[in-house]
Asker: 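Below: one structure in C-alpha cells.
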Amino acid sequence: MPINERLLKPYDPNATEDRIAKQWETAKAFAPAAVARSGKIFSMVLPPPNVTGALHLGHATMLAIEDIMVRYARMRGDKTLWLPGTDHAAIATQVKVEELIHKTEGQTRAELGREEFLKRVEIFAAEKHDEIVAQIKKMGASVDWSREAFTLDETRSRAGRAAFKQFYDAGLIYRGRRLVNWDPKLQTTVSDDEIEWENEATPLYYLKYGPFVIATARPETKFGDKYVVVHPTDERYQQFKDGEKITVEWLTGPITATVIKDEIIDPTFGTGAMTITPAHDQTDYDIAARHQLAFEQIIDLRGKLLPVAGDLAGQHWKKARPLIIEKLRAKGLLEKIEPDYQHQIAKNSRGGGLIEPQVLEQWFVAVNKPFGEKQMTLKELMRQPVADGRIKIIPERFQKVYFHWLDHLRDWCISRQIWYGHRIPVWYRPKAAPDDGRADQSRAGQEIYVGIEPPADDDWQQDPDTLDTWFSSGLWTFSTLGWPASAAGKPNSPTDLETFHPTTVLETGYDILFFWVARMILMSGFLLQQIPFHTVYLHGLVRDEGGKKMSKSKDNSIDPSVMVEKYGADALRLALIIGTSPGHDLKISEDRIRGYKHFSNKLWNIGRFTLTAIGETAPPPTAEISAADQAALTELNILTKEVTTDLDNYNFHLAAEKLYHYIWHTLADKIIERVKTKEQSLWLLYTAFERSLRLLHPFSPFITEELWSFLPKPPTDTLLINAPWPTF
RNA sequence: GCACGCUUAGCUCAGUUGGUUAGAGUAUCGCUUUUACACAGCGAGGGUCGGGGGUUCGAAUCCCUCAGCGUGCACCA
C-alpha cells in the first residue's frame with residue numbers, strides 16, 4: 001500500500017479537523033459506553049456557556065483543558081462522561097436582548113409585554129445556542145451530545161422547582177422584608193456577589209444637626225434621619241444619654257431626633273457623630289435593626305424622592321442633590337464641604353445601574369439557620385467538605401479565598417424582578433398587591449402554596465418573580481443526570497445519577513468560585529447529601545494584549561472560530577495550554593497561536609518521514625536491542641511516566657511542554673537523524689512515533705487521530721477509543 | 001484595612017517537592033532548498049531571575065524585609 005496522498009502535502013487542519021470530527025461522531029465515540037476497560041468512572045459536567053453570545057477564548061481554554069482530562073480518562077479505559085449544555089443566564093441574557101430590541105426597534109420590554117418579550121429572548125437564545133454548539137465541536141471537545149441540557153429546559157425547570165420546595169419545606173427558603181441591593185435601571189434586586197465596587201471622588205458635606213455636626217456623601221437620603229449615633233465612650237458627647245430625645249432644625253422643619261450609642265461608630269472619623277438612613281444603607285440598616293429603630297423609605301424604586309422630601313418630592317435624587325445643598329446653605333445648616341472625598345459606589349455587574357439599597361420583601365436562602373438532625377447550617381454544609389479534604393481545590397490558595405467568602409456570607413437573595421428565568425414556584429391567594437412603585441408590597445395575610453406543580457384551583461396567582469440564575473446552575477451536576485427522579489415508572493438501574501454522581505472534577509474559571517462552585521456544593525450537599533465533585537480545578541482568565549478581560553461588549557476578543565480556521569484547533573489548544581498555569585490569567589496574542597501551528601506541521605513531517613521509512617508494515621523489534629535504541633527507549637519511558645504524572649496532578653501545561661520538547665528535539669532532531677545514519681533502528685523510530693501520537697492525543701486530538709489512521713493496523717481503529725494510554 | 005498573587009530574554013509567559021550550560025512562543029540577526037519539514041528548517045545574539053539580607057555544599061525555587069503592579073474580601077458616615 002502506498003503512503004496516503006494527504007501525507008504528501010503540507011498539513012492542512014481545515015481539510016482534516018471537520019472530517020475527523022465527523023468520524024468520531026459517527027462512531028459515537030464520545031458516549032460513556034464507548035470505553036469501559038478499567039472498571040472506573042470519570043465524569044464531568046461542562047460549565048454551560050451563557051446563551052448571551054458566541055464563545056470567546058476563555059471558553060476555548062476551558063474546552064481545551066477539559067477535553068485533555070476527558071480524553072486522558074478515556075484512554076486509561078475509564079467509562080467517561082463529559083456532559084454538555086448551555087445556561088440561560090437569566091439577567092445577562094435579558095439585558096442583552098433588551099438592549100438589542102431597544103436598538104433595532106426602539107421598543108422597551110414593558111411595551112412588548114412579558115409574553116412577547118420572552119418569545120424574543122427565546123429566539124435569541126436559540127440562535128446563540130446553535131452557534132455555541134458549532135464552536136464546541138470545532139474545538140474538538142469530546143462531549144456526549146446525547147445528554148445535552150439547558151438550564152431553562154423543562155427537565156431543569158422541574159429540578160429547580162423541586163429544589164425550591166425542599167429548601168422551603170425545611171425552612172431554609174423564606175420570604176422576608178430586608179435591605180437588598182436594588183438596581184433602579186434594571187428594576188430588579190441583585191445578590192451581594194453581583195455587585196462591583198468602583199472608586200469615586202465625591203464631595204463630603206458636613207451638616208449641622210442640632211448640637212451635632214454630621215458628614216454625608218448622600219445628602220438626598222437625609223430627609224428622614226431621626227437618629228444620631230455616637231460611640232458610647234466618646235467624651236465629646238457625654239452629655240447625651242442613649243435614647244435621649246432632642247429637637248433639631250432639619251431639612252423640612254424641626255424634628256425630634258433620638259441619640260443612639262453604638263460601638264460601630266469610629267470616633268476618629270469626621271466628627272464622630274452620624275445620622276442614619278436605615279432604608280438605604282447596609283450599615284445604617286444594621287444599626288437600626290440592632291436598636292429596633294423605625295426606618296423610612298426616602299427614595300422610590302426609580303430613584304425619585306418620596307413625599308418625605310417635601311417640595312422636592314418626585315425629583316430624581318441626582319437632580320435633587322444640588323437643590324438640597326442650596327436649601328441647606330440657605331437654612332445655615334451647611335457647615336463645610338470637603339471636595340474630593342474618596343469612596344466606593346456599588347454597581348450592578350450585570351450591565352445594570354447604580355445600586356440603591358432598598359427595604360423590600362424578597363425570597364432568601366437562610367445560610368445561618370441550623371436545620372435537620374445535625375442542626376448544621378448551610379454555611380457549615382458548604383465549608384465542611386472543603387475543610388475536611390473531600391473536595392480539593394486546585395490551586396490550593398483558592399481554598400482560603402473560599403473560606404473567607406463563606407465567613408462574610410449573608411442570606412442569599414434569590415428572587416429577581418426580571419422576566420427571563422425560572423418563575424418562583426409559589427402561588428398566592430386571593431391576589432397580589434398592586435405595584436405602585438413603593439417598597440411595601442406586603443403579602444401578609446395571603447394564603448401561600450409552594451409546589452413543583454401549580455395548584456389545582458385557578459384562583460391562585462403565581463409570584464411574578466424569577467430565580468437568581470445561580471440557583472438553577474447550582475443544580476447542574478445532578479439536574480443533568482436525572483434528578484429528581486420522575487414519579488412515573490422506575491428508571492433503569494443504575495441510573496445516571498447513581499453512576500456518575502458525584503462527578504470526578506469540576507473545571508472552571510476562578511471568577512465564578514463563589515457564584516457557582518459554592519452554590520453547587522450547597523445544592524448538592526442539601527438536596528443529595530453528596531459532594532458535587534471531588535476536585536475543583538480553576539483556570540485563569542484570558543485577557544487581551546492590553547491585559548483587559550475579554551468580552552464581546554468591549555470588542556477586544558480574538559474569535560476562537562477565526563483562530564481555528566487559520567491555524568487549526570490543535571494549534572489553538574496548545575497555545576492556550578503551554579506557558580500557562582492554573583489559576584493565573586493568560587494574555588494571548590495571535591502570534592502565539594500561529595507559533596503552535598508550526599508544531600503541527602513539524603509533527604506532520606515527522607509522520608511523513610516515519611511512514612515512508614517503515615513501508616507497509618510496522619517494523620518488528622530487532623533480535624537484540626542496541627545500546628543506542630535502549631537509551632532512546634529509556635528516555636521515552638521517562639517521558640511517558642512524567643507526562644502521566646503531570647496529567648494525574650492536573651499539570652497540563654507541564655505535560656504539554658514536555659511533549660512539545662520531546663517531539664521536536666528528541667524525536668525529530670535526534671532519532672530521525674540517527675535513523676538516517678543507521679545508528680538507531682526503524683523499530684525504535686516507529687515505537688517513539690506511535691507512542692508520541694498516543695501521549696499527544698489529549699492535547700492535539702485531530703492531527704494525532706489523522707496520523708494514527710495512516711499507521712499499519714486494522715482500519716476500524718481510532719486513537720480516541722481503541723488506543724490505550726501507554727504504560728512505562 | 002485583611003488576605004492572596006505577580007515581578008525571569010525587547011514583548012507575552014513557563015520553570016511541580018532547591019541540584020548540570022535558566023526554557024517556549026514571538027521579535028531581531030545570520031545560514032540553508034543536503035534522502036521529513038519554505039504555509040519552513042537550522043543557528044546566533046539577548047537574562048547580575050524586582051532591590052536587600054539570610055538558610056544551604058548548592059537558591060529563580062525556602063525564610064525575612066523593602067518596593068512596584070494586580071486580584072479578592074471588608075469598610076469610613
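Here is how names work: the chains are called A, B, and so on, in the same order as the sequence lines, proteins then strands, and each is numbered from 1. Fair warning: this is a prediction, and the values are worked out from it, not measured in the lab.
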Asker: Between the side-chain atoms of A/Lys602 and the base atoms of B/C37, is any donor-acceptor pair under 3.5 Å?
Answerer: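 Pair found.
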Asker: From the set B/C13, B/A77, B/G5, return the single nucleotide nearest to any side-chain atom of A/Asp266.
Answerer: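 The listed nucleotide nearest to A/Asp266's side chain is B/A77.
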Asker: Taking atom P in both B/U56 and B/G46, compute the distance separating them and give it to the nearest angstrom.
Answerer: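 Those two atoms are separated by 35 Å.
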Asker: Check this one for me: any side-chain N or O of A/Tyr341 less than 4.0 Å away from OP1 or OP2 of B/A77?
Answerer: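 Checking A/Tyr341 against B/A77: at least one side-chain N or O falls below 4.0 Å of OP1 or OP2.
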Asker: Pick the P atom in B/C63 and in B/A74, then give their distance to the nearest Å.
Answerer: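 Here B/C63 and B/A74 have their P atoms 29 Å from each other.
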Asker: Please measure how far the P atom in B/A67 lies from the corresponding atom in B/G52, and state the result in whole Å.
Answerer: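 Going atom to atom, P in each nucleotide, I get 15 Å.
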Asker: Is it true that A/Thr640 and A/Arg691 share a donor-acceptor pair across their side chains at a distance under 3.5 Å?
Answerer: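 Yes.
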Asker: Once you apply a heavy-atom cut-off of 4.0 Å, does A/Glu673 come out as touching a base, just sugar-phosphate, or nothing?
Answerer: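 Base: the residue A/Glu673, judged by heavy atoms under 4.0 Å, touches a nucleobase.
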Asker: Protein within reach of the bases, or only the backbone? For nucleotides 14-20 of chain B, mark each nucleotide 5' to 3' as B, S or -, using heavy atoms under 4.0 Å.
Answerer: SSB----
Asker: Is the A/Tyr341 ring parallel, tilted or perpendicular to the A/His343 ring (thresholds 30°, 60°)?
Answerer: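 Answer is tilted, since the angle falls between 30° and 60°.
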Asker: Measure from the side-chain heavy atoms of A/Ile606 and tell me the nearest of B/A27, B/A36, B/A77.
Answerer: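 Between B/A27, B/A36, B/A77, the one nearest the side chain of A/Ile606 would be B/A36.
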Asker: What is the nucleic acid contact for A/Tyr596, judged by heavy atoms within less than 4.0 Å: base, sugar-phosphate only, or nothing?
Answerer: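 Sugar-phosphate contact only - A/Tyr596 comes under 4.0 Å of backbone atoms but never of a base.
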Asker: For A/Glu196, is there an ion pair with A/Lys347 - N to carboxylate O distance below 4.0 angstrom?
Answerer: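 The answer is no: the pair does not qualify as a salt bridge.
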Asker: From the list B/C4, B/A77, B/G41, which nucleotide is the closest neighbour of the side chain of A/Trp664?
Answerer: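 Among the listed nucleotides, the one closest to the side chain of A/Trp664 is B/G41.
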Asker: Pick the P atom in B/G58 and in B/A40, then give their distance to the nearest Å.
Answerer: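 Their P atoms lie roughly 47 Å apart.
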Asker: Could you write out RNA chain B as dot-bracket? Rules: Watson-Crick or G-U wobble, both distances under 3.5 Å, brackets [ ] for crossings, | for pairs with another strand, dot for unpaired.
Answerer: (((((((..((((.....[...)))).(((((.......))))).....(((((..]....))))))))))))....
Asker: Does atom CD of A/Gln342 have more than 12 heavy-atom neighbours, drawn from other residues, nucleotides or ligands, at distances under 6.0 Å?
Answerer: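 Yes.
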Asker: Can you tell me which nucleotide in B/A24, B/A77, B/G72 comes closest to the side chain of A/Met274?
Answerer: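 The listed nucleotide nearest to A/Met274's side chain is B/A77.
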Asker: Name each donor-acceptor pair under 3.5 Å that joins a side chain in residues 278-285 of chain A to protein atoms two or more places apart or in another chain, with its distance.
Answerer:
| residue | atom | partner | partner atom | Å |
| --- | --- | --- | --- | --- |
| A/His280 | ND1 | A/Pro357 | O | 2.9 |
| A/His280 | NE2 | A/Ile298 | N | 3.0 |
| A/His280 | NE2 | A/Ile299 | N | 3.2 |
| A/Asp281 | OD1 | A/Thr283 | N | 2.9 |
| A/Asp281 | OD1 | A/Asp284 | N | 3.0 |
| A/Gln282 | NE2 | A/Asp286 | OD1 | 3.2 |
| A/Asp284 | OD2 | A/Thr277 | N | 2.7 |

Asker: On the ring face of A/Trp604, is A/Arg6 found with NZ or CZ under 6.0 Å from the centre and within 45° of the axis?
Answerer: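 Geometry flag: not set, cation outside 6.0 Å or 45°.
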Asker: Checking ring pair (Phe, Tyr, Trp, His ring centres under 6.0 Å) between A/Phe398 and each of A/Phe514, A/Trp405, A/Phe403, A/Tyr510, which is the one that passes?
Answerer: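 Filter result, single survivor: A/Tyr510.
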Asker: With sugar-phosphate meaning primed atoms plus P, OP1 and OP2, does A/Ile265 contact a base, only sugar-phosphate, or nothing at under 4.0 Å between heavy atoms?
Answerer: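 Result for A/Ile265 = base.
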Asker: Check nucleotides 29-35 of chain B for protein N or O atoms closer than 3.5 Å to its own N or O atoms and list the pairs.
Answerer:
none

Asker: Cation-pi check, A/Arg694 to A/Trp725: give yes when NZ or CZ is under 6.0 Å from the six-membered ring centre and within 45° of the ring axis, no otherwise.
Answerer: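 Negative - A/Arg694 is either too far from the ring of A/Trp725 or too far off its axis.
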Asker: Using the side-chain heavy atoms of A/Thr283, tell me which of these nucleotides is nearest: B/C76, B/G72, B/A77.
Answerer: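 The closest nucleotide is B/C76.
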Asker: Tell me which one of A/Ile68, A/Leu574, A/Ile577 satisfies side chain to side chain contact (heavy atoms under 4.5 Å, CB included) with A/Ser700.
Answerer: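 Of all the options given, the one that passes is A/Leu574.
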Asker: Which residue, A/Asp669 or A/Lys597, contacts RNA chain B at a nucleotide closer to its 5' end, judged by nearest heavy atom?
Answerer: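 Comparing both residues, the 5'-ward one is A/Lys597.
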Asker: Select base, sugar-phosphate, or nothing to describe what A/Tyr660 touches, counting heavy atoms under 4.0 Å on all strands.
Answerer: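 Counting heavy atoms under 4.0 Å across all strands, the contact made by A/Tyr660 is with sugar-phosphate only.
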Asker: Expressed as a whole number of Å, how far does the P atom of B/U26 sit from that of B/G43?
Answerer: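 Going atom to atom, P in each nucleotide, I get 15 Å.
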Asker: Among B/C39, B/A77, B/G72, which is the nearest nucleotide to the side chain of A/His598?
Answerer: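 The answer is B/C39.
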Asker: Let's see if you can work this out: which of B/C76, B/A77, B/G25 has an atom nearest to the side-chain heavy atoms of A/His343?
Answerer: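 The answer is B/A77, which lies nearest to the side chain.
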Asker: Check this for me: does the side-chain of A/Gln282 come within 3.5 Å of the base of B/A74 through a donor and an acceptor?
Answerer: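 Not at all, since no donor on one side and acceptor on the other fall under 3.5 Å apart.
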Asker: Can you work out whether A/Asn605 or A/Lys400 has the more 5'-proximal nearest nucleotide on RNA chain B?
Answerer: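 Comparing both residues, the 5'-ward one is A/Lys400.
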Asker: Which nucleotide, B/C37, B/U12, B/C76, lies nearest any side-chain atom of A/Arg608?
Answerer: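 Of all the options, the side chain of A/Arg608 is nearest to B/C37.
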Asker: Rounded to the nearest angstrom, tell me the gap between atom OH in A/Tyr662 and atom P in B/A24.
Answerer: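 So the two atoms are 18 Å apart, to the nearest Å.
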Asker: A/Tyr567 ring centre to A/Lys597 NZ or CZ under 6.0 Å, with the angle to the axis within 45°?
Answerer: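 Negative - A/Lys597 is either too far from the ring of A/Tyr567 or too far off its axis.
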Asker: Tell me, please, whether A/Phe609 has A/Lys676 positioned over its six-membered ring: NZ or CZ under 6.0 Å from the ring centre and within 45 degrees of its axis?
Answerer: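 Verdict for A/Phe609: a cation-pi partner in A/Lys676.
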Asker: Counting just side-chain N and O atoms, does A/Trp604 come under 4.0 Å of either OP1 or OP2 of B/G41?
Answerer: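 So the side-chain polar atoms of A/Trp604 never come under 4.0 Å of the phosphate oxygens OP1 or OP2 of B/G41.
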Asker: Just call it for A/Ala575: base, sugar-phosphate, or nothing, with non-hydrogen atoms closer than 4.0 Å on any strand.
Answerer: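 Counting heavy atoms under 4.0 Å across all strands, no contact is made by A/Ala575.
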Asker: Could you label the plane-to-plane angle of the A/Phe515 and A/Trp470 rings as parallel, tilted or perpendicular, counting under 30° as parallel and over 60° as perpendicular?
Answerer: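 A/Phe515 vs A/Trp470 ring planes: parallel.
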Asker: What distance, rounded to whole Å, do you find between the two C1' atoms, one in B/G23 and one in B/G15?
Answerer: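 Result for the C1' pair: 7 Å, nearest Å.
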Asker: If we take the C1' atom in both B/A22 and B/A14, what is their distance in whole Å?
Answerer: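 So the two C1' atoms sit 11 Å from each other.
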Asker: Does A/Asp234 have any salt bridge (charged side-chain N to carboxylate O under 4.0 Å, His left out) partners at least two apart in sequence or in another chain, and if so, which?
Answerer: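 In terms of salt bridge (charged side-chain N to carboxylate O under 4.0 Å, His left out), with neighbours along the sequence ignored, A/Asp234 is linked to A/Arg236.
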Asker: Of all the choices, B/C76, B/C4, B/A36, which nucleotide is nearest to the side chain of A/Phe269 once you look at every atom?
Answerer: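 From the listed options, B/C76 comes nearest.
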Asker: B/A77, B/G25, B/A36: which one has an atom nearest the side-chain heavy atoms of A/Ala668?
Answerer: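 Nucleotide nearest to A/Ala668's side chain: B/A36.
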Asker: Roughly how far apart, to the nearest Å, are B/A59 and B/G41 at atom C1'?
Answerer: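 Comparing C1' positions in B/A59 and B/G41 gives a spacing of 37 Å.
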Asker: Can you list the residues that meet the side chain to side chain contact (heavy atoms under 4.5 Å, CB included) rule with A/Trp664, with sequence neighbours excluded?
Answerer: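 Applying side chain to side chain contact (heavy atoms under 4.5 Å, CB included) to A/Trp664 gives A/His598, A/Phe599, A/Lys602, A/Tyr660, A/Asp669.
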